[in-house]
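Heads up: numbering here begins at 1 and tracks the sequence. In this text, all values refer to a predicted model and were calculated from it rather than measured experimentally.
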Amino acid sequence: MPRRARAPPTPLASRRPRETSMTHAQTRPTTATAAVPDTLWFTRCPVPTATGIAADQQWLAAEFAPDGITVRSLQDAGRDVDRHTHYTHALPGLFREGGNVPALWARSRGEETRLVGLTWIEERQTVLVAPGSGIRGAAALRGLRLAVPRHRIAIDFWRAMALRGFEGALASAGLGLDDATLVDVPADGHTGQWAAELAALRRGDVDAVYVKGALSVEAARRVGAEVALELDELPDRTHRVNNGTPRPVTVHRRLLDDHPDLVDRFLAVLLRAADWAADRPDDVARILGAETGAGAEGVAGAYRPGTHRTLHPDLSDDRLALLDRQSAALHAHGFLPEPVDVRDWADPEPLRRARLLYLTQPVPPRSLPPQSAPSRPAP
């Protein structure tokens with residue numbers, strides 16, 4: 001029997017209770033002359049995100065359609081907008097949930113973004129070595145040749161990830177990057193994630209490679225690489241701070257100042273998506289497969305059981321401190337032109353208001369037919 005189409009959930013704005021209808025006016029003035037945008041944009045990395053869940057379920061489009069506002073994915077934009085804004089965040093109407101290296105870089109360069117949420121999702125981070133090498137554990141990395149890719153892109157987050165991954169691994173054994181040899185590996189993103197580093201490992205040009213995520217699980221299996229260290233098993237979370245841990249949700253300050261209600265409603269949809277995902281591991285695995293472009297085996301190998309319960313953003317002191325640690329390290333390595341004051345960058349009010357908006361009038365979300373996933377930018 002064919003599945004009957006379901007109506008989208010009632011937009012949150014129309015469900016706001018009378019007693020909280022002045023929330024935005026009381027907490028942040030709206031610029032009277034600012035025209036309401038006819039389009040909101042969102043972008044996310046190919047990783048577990050509440051934005052990806054909400055997009056799959058079409059809740060973002062359903063939320064703003066009654067206002068005549070179209071919600072579009074940057075990945076679906078074609079030539080309508082420069083897709084590099086996924087990294088630069090130069091589009092005022094853009095929401096971004098993705099890796100912290102580009103987000104911090106954009107802020108460091110002077111882009112007027114605001115940090116409105118952070119997630120911490122364990123995404124498999126691994127140091128790989130050649131088969132039969134016998135290299136095991138962080139202490140065994142001392143004196144080894146570590147692959148550090150170099151891409152020809154404005155912000156080389158791949159290089160940043162490798163440096164921070166090795167830095168965390170070595171630090172867990174009381175060592176630093178100076179205790180190993182860093183080997184530059186010219187890389188071309190068109191050949192696939194981690195391809196250049198794994199090829200260098202196979203040739204014997206390097207002794208160890210840092211990888212993370214679902215596609216890395218499949219890539220490592222193809223070349224027969226062995227695991228020397230699982231960073232996810234290190235007890236100290238500071239050793240796992242990297243591009244995706246913690247992962248920020250950012251928005252342009254212009255949109256937040258002119259239309260705080262739109263930002264609050266967008267974040268409320270993300271909270272709804274995170275709640276929905278918490279009870280549906282199989283659905284989340286399906287969505288992750290589409291988001292990452294990896295098979296079921298890659299997704300299962302990259303994300304621990306319980307990942308579907310970890311999609312809620314917050315701005316806790318703990319997560320802000322972890323992001324501040326990442327910011328300082330990226331600046332020390334030369335990836336950020338200027339230091340970023342993470343706590344000054346963060347604005348907790350939109351998420352606070354979004355929680356109120358969502359919790360005061362919760363409506364069970366209704367699934368819509370899943371959408372085909374377009375190609376995603378790297379994290």
Rounded distance [0.5 Å steps], CG in Asp179 versus CZ in Phe166: 14.0 Å
Thr119 and Glu97: side chain to side chain contact (heavy atoms under 4.5 Å, CB included), yes or no, with the steps? CA-CA 9 Å; Thr119 60; Glu97 185 173 7; 4.1 Å; yes
Arg145 backbone acceptor or donor facing Asp207 side chain under 3.5 Å: yes
Applying ring pair (Phe, Tyr, Trp, His ring centres under 6.0 Å) between Phe157 and each of Tyr87, Phe335, Trp105, report the one that passes. Tyr87
Given the options Phe64, Tyr358, Trp276, Trp59 meets ring pair (Phe, Tyr, Trp, His ring centres under 6.0 Å) only with Trp276
Check: Arg352 and Leu315 side chains under 4.5 Å, non-hydrogen atoms: no
Basic-acidic side-chain contact under 4.0 Å: Arg221, Glu218: no
Would Trp345 and Leu323 count as a side chain to side chain contact (heavy atoms under 4.5 Å, CB included) here? Give the steps. CA-CA 11 Å; Trp345 184 31; Leu323 184 62; 4.0 Å; yes
Using distance alone, with no hydrogens and no angle criterion, decide if Asp236 and Thr238 have a side-chain donor and acceptor under 3.5 Å apart. yes
Tested for side chain to side chain contact (heavy atoms under 4.5 Å, CB included) against Arg240, the lone hit among Lys212, Glu122, Glu123, Glu233 is Glu122
Checking Ile69 against Thr39 for the side chain to side chain contact (heavy atoms under 4.5 Å, CB included) test, could you report, in this order, the C-alpha distance in whole Å, the side-chain angles of both residues, the deciding distance, and whether it holds? CA-CA 5 Å; Ile69 299 174; Thr39 303; 5.8 Å; no
Can you tell me if His308 and Asp279 form a side-chain donor-acceptor pair at under 3.5 Å? no
Name the orientation class of the two ring planes belonging to Phe266 and Phe42 (parallel below 30°, tilted from 30 to 60°, perpendicular beyond 60°). tilted
Exercise: do Gln326 and Arg164 side chains pair donor with acceptor under 3.5 Å: yes
State plainly whether the residues Arg319 and Asp314 are in salt-bridge range, i.e. N to O under 4.0 Å. yes
Are Val269 and Leu255 joined in one hydrophobic group, where the rule is that I, L, V, M, F, W and Y side chains link up if heavy atoms are under 4.5 Å apart? yes
Shortest non-hydrogen contact between Gly52 and Thr49, atoms and distance: N-OG1, 2.9 Å
Can you give me the closest heavy-atom contact between Ala346 and Leu320, atom names plus distance? CB-CD2, 3.9 Å
Is the shortest heavy-atom distance from the side chain of Leu144 to the side chain of Ile135 under 4.5 Å? yes
Do the non-hydrogen side-chain atoms of Leu146 and Val183 ever get within less than 4.5 Å of each other? no
Show the numbers, then the answer: is there a side chain to side chain contact (heavy atoms under 4.5 Å, CB included) between Arg265 and Asp67? CA-CA 12 Å; Arg265 288 166 61 191; Asp67 302 273; 2.6 Å; yes
Please determine if Asp344 and Arg107 form a salt bridge, counting it only when a charged side-chain N lies under 4.0 Å from a carboxylate O. yes
Quick one: does Val340's side chain get under 4.5 Å of His331's, heavy atoms only? no
Ignoring hydrogens, what is the shortest heavy-atom contact between Pro248 and Pro246? Give both atom names and the distance. CD-O, 3.8 Å
Are side-chain heavy atoms of Leu177 and His333 found at a separation under 4.5 Å? yes
Pairwise side-chain contact, Asp275 with His312, heavy-atom cut-off 4.5 Å (strictly under): yes
Sidechain N-carboxylate O distance under 4.0 Å for Glu230, Arg124: yes
State, yes or no, whether a side-chain contact exists between Glu197 and Val206 at a heavy-atom distance under 4.5 Å. no
Can a salt bridge be assigned to the pair Asp261 and Arg353 using a cut-off of 4.0 Å between side-chain N and carboxylate O? no
Test item: Leu175 and Leu141 side chains (from C-beta on) under 4.5 Å apart, heavy atoms: no
Heavy atoms of other groups near Arg254 CZ, more than 12 under 6.0 Å: no
Side-chain donor-acceptor contact under 3.5 Å, Thr43 with Gln75: yes
Criterion side chain to side chain donor-acceptor pair (under 3.5 Å) against His252, the qualifying member of Arg96, Glu111, Arg114: Glu111
Please name the pair of heavy atoms, one in Gly244 and one in Asn100, separated by the smallest distance, quoted to 0.1 Å. N-ND2, 4.2 Å
